[in-house]
Amino acid sequence: MKNKMLYDLADTIGLKYSPQSVYVDVVMNGEYLGNYLLCEQIRAGKSRVAIDDLEEEKEFNDSTITGGYLVNLDSYASMDPVHYITQKEHRAYTFESPKFEDLLDKEGKLSATAQKQYDYITDYLQRMEDAVYSPTFVNEQGERYSELMDVDSFVDYFLIQFFSDNFDAFTNSTYMYKERKGKLYWGPVWDFDHSMNQKDGTSTSVVDNNGRYMVKQILSDPYVAKKVVERYKEIKNTLTDLYASGGYIDKMAE
């Protein structure tokens, strides 16, 4: 229920490429095995995260190398053959598209084109981190973090994670995508099995916990803090409708 509700909520408020899902009764060999949630996976494709497919790109130039990329912030990334650990905060990324680990040769090396793509996106991620953690929000290249990431998608993504009190938020299953010639966008949302679990009144502290990658720093920017408040006011009725008597949750449970 949590996964479907939050996927649908993300879609309702306008986070692009939020997974579509449907409940199914599973019967095998005449035996009822239960009710399951069948949902779309997070992957690049025309019907999913609709970004350019760099694995099929035949032309290589300054434009094509800018996208598309689908990356995943994942604490288990170091287990993957191809990953990236940021230099400042030592956070790990895996790559869903291009799937660099599928492009390794027998010696474990990337082709020249794939290596240039890897170098481009890892440099981009590093410049973004450098800007976020700079006192001025500007990196050594003179780029403000808001020039590198889409702030509106961060605001919506943050509000979904905050509302759901998601334990995994900004540590695991945190996807971002970059369209060609565009900024890095937050999303799609994924993985809410560890959300809404705090029955004793405690919180996973999505805002204040220092383990939440980049969140505290981004929210310390008055420009973003104001946008969060304004956006919350816009979607507040949508949120309260979920848990109102006879609302989305009650109907789903029934």
Side-chain angles (χ1 to χ4, degrees), residues 2-3 6-7 9-10 13-18 42 69-77 83-94 121-122 124-139 143-178 183-198 202-236 239:
K2 292 185 292 187
N3 275 290
L6 293 161
Y7 294 159
L9 175 61
I13 69 172
L15 269 173
K16 290 178 67 175
Y17 311 127
S18 298
I42 304 299
Y69 296 93
L70 177 61
V71 304
N72 181 20
L73 186 65
D74 188 349
S75 60
Y76 301 102
H83 60 275
Y84 179 67
I85 308 293
T86 64
Q87 298 171 11
K88 185 179 293 292
E89 293 297 308
H90 309 294
R91 297 307 176 98
Y93 284 93
T94 58
I121 190 58
T122 54
Y124 194 100
L125 293 169
Q126 188 59 60
R127 288 175 7 236
M128 182 177 70
E129 179 185 84
D130 292 344
V132 168
Y133 283 91
S134 166
T136 61
F137 297 124
V138 176
N139 60 27
E143 300 165 311
R144 183 174 172 80
Y145 76 89
S146 55
E147 298 176 51
L148 300 169
M149 77 164 67
D150 180 78
V151 172
D152 289 337
S153 68
F154 168 81
V155 170
D156 281 356
Y157 190 90
F158 165 76
L159 284 170
I160 293 286
Q161 305 297 338
F162 180 73
F163 172 73
S164 63
D165 204 20
N166 187 10
F167 180 79
D168 283 330
F170 304 99
T171 57
N172 290 312
S173 302
T174 300
Y175 288 88
M176 305 175 203
Y177 62 92
K178 186 181 183 301
K183 300 178 182 180
L184 203 72
Y185 282 72
W186 291 79
V189 295
W190 185 249
D191 188 13
F192 291 101
D193 55 320
H194 288 299
S195 67
M196 299 182 178
N197 290 336
Q198 310 304 318
T202 61
S203 172
T204 57
S205 301
V206 172
V207 179
D208 296 323
N209 189 320
N210 288 328
R212 307 295 174 176
Y213 183 50
M214 294 193 287
V215 176
K216 196 172 184 178
Q217 284 69 26
I218 296 173
L219 293 177
S220 69
D221 183 352
Y223 168 73
V224 178
K226 181 180 179 182
K227 288 182 78 72
V228 168
V229 173
E230 292 173 346
R231 183 60 171 149
Y232 171 72
K233 292 178 180 178
E234 292 175 358
I235 67 172
K236 181 179 178 180
L239 298 176

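Remember, it's a predicted structure, so these values are computed and weren't measured experimentally.
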Shortest non-hydrogen contact from [X] to [Y]?
{"X": "S153", "Y": "L15", "value": "O-CD2, 3.9 Å"}
{"X": "Y124", "Y": "L148", "value": "OH-O, 2.6 Å"}
{"X": "E129", "Y": "Q87", "value": "OE1-N, 4.0 Å"}
{"X": "Y17", "Y": "P188", "value": "O-CB, 3.3 Å"}

pair [X]-[Y]: side-chain heavy atoms closer than 4.5 Å:
{"X": "N72", "Y": "I42", "value": "no"}
{"X": "M149", "Y": "I218", "value": "yes"}
{"X": "Y93", "Y": "I85", "value": "no"}
{"X": "L159", "Y": "I235", "value": "yes"}
{"X": "K236", "Y": "R231", "value": "no"}
{"X": "I121", "Y": "Y84", "value": "no"}
{"X": "D74", "Y": "H83", "value": "no"}
{"X": "Y175", "Y": "V71", "value": "no"}

Sorted by chain and number, sequence neighbours left out, salt bridge (charged side-chain N to carboxylate O under 4.0 Å, His left out) with K2 holds for none
Considering residues at least two apart in sequence or located in another chain, which fulfil the side chain to side chain donor-acceptor pair (under 3.5 Å) criterion with [X]?
{"X": "S134", "answer": "T136"}
{"X": "D130", "answer": "Q126"}
{"X": "S18", "answer": "none"}
{"X": "T122", "answer": "none"}

Using atom types as modelled and distance alone, determine if a side-chain donor or acceptor of [X] lies under 3.5 Å from a backbone N or O of [Y].
{"X": "N139", "Y": "R127", "value": "yes"}
{"X": "R212", "Y": "A169", "value": "yes"}
{"X": "Y133", "Y": "M214", "value": "yes"}

Apply the test side-chain contact (heavy atoms from CB on, under 4.5 Å) to residues V151 and Y223: give CA-CA distance (whole Å), side-chain angles for both, the deciding distance (0.1 Å), then the verdict.
-> CA-CA 10 Å; V151 172; Y223 168 73; 4.2 Å; yes
First locate atom [atom1] of [X], then atom [atom2] of [Y], and finally report the distance between them rounded to the nearest 0.5 Å.
{"X": "L6", "Y": "I160", "atom1": "CG", "atom2": "CD1", "result": "6.5 Å"}
{"X": "Y213", "Y": "L73", "atom1": "OH", "atom2": "CG", "result": "7.0 Å"}
{"X": "Q161", "Y": "T171", "atom1": "CD", "atom2": "OG1", "result": "9.0 Å"}
{"X": "T174", "Y": "W190", "atom1": "OG1", "atom2": "CH2", "result": "13.0 Å"}
{"X": "L125", "Y": "L184", "atom1": "CG", "atom2": "CG", "result": "6.0 Å"}

Which residues share a ring pair (Phe, Tyr, Trp, His ring centres under 6.0 Å) with Y185, sequence neighbours left out = Y177
Taking the six-membered ring for Trp, are F154 and W186 parallel (under 30°), tilted (30 to 60°) or perpendicular (over 60°)?
-> perpendicular
Fit a plane to each ring of F158 and F170, take the angle between them on a 0 to 90° scale, and name the class: parallel (under 30°), tilted (30 to 60°) or perpendicular (over 60°).
-> tilted
Does the side chain of S75 come under 3.5 Å of the side chain of N172 through a donor N or O and an acceptor N or O?
-> yes
Between S195 and N166, a side-chain donor and acceptor under 3.5 Å | no
Given the rule in the salt bridge (charged side-chain N to carboxylate O under 4.0 Å, His left out) test, do K183 and D152 qualify, once you have shown the distances and angles that lead to the verdict?
-> CA-CA 11 Å; K183 300 178 182 180; D152 289 337; over 6 Å; no
Begin from the C-alpha positions of K227 and E230 and carry the test salt bridge (charged side-chain N to carboxylate O under 4.0 Å, His left out) through to its verdict.
-> CA-CA 5 Å; K227 288 182 78 72; E230 292 173 346; 5.8 Å; no
Aromatic ring proximity, centroids under 6.0 angstrom, Y145 and F137 | yes
Have a look at D221 and tell me which of K216, K226, R144 forms a salt bridge (charged side-chain N to carboxylate O under 4.0 Å, His left out) with it.
-> R144
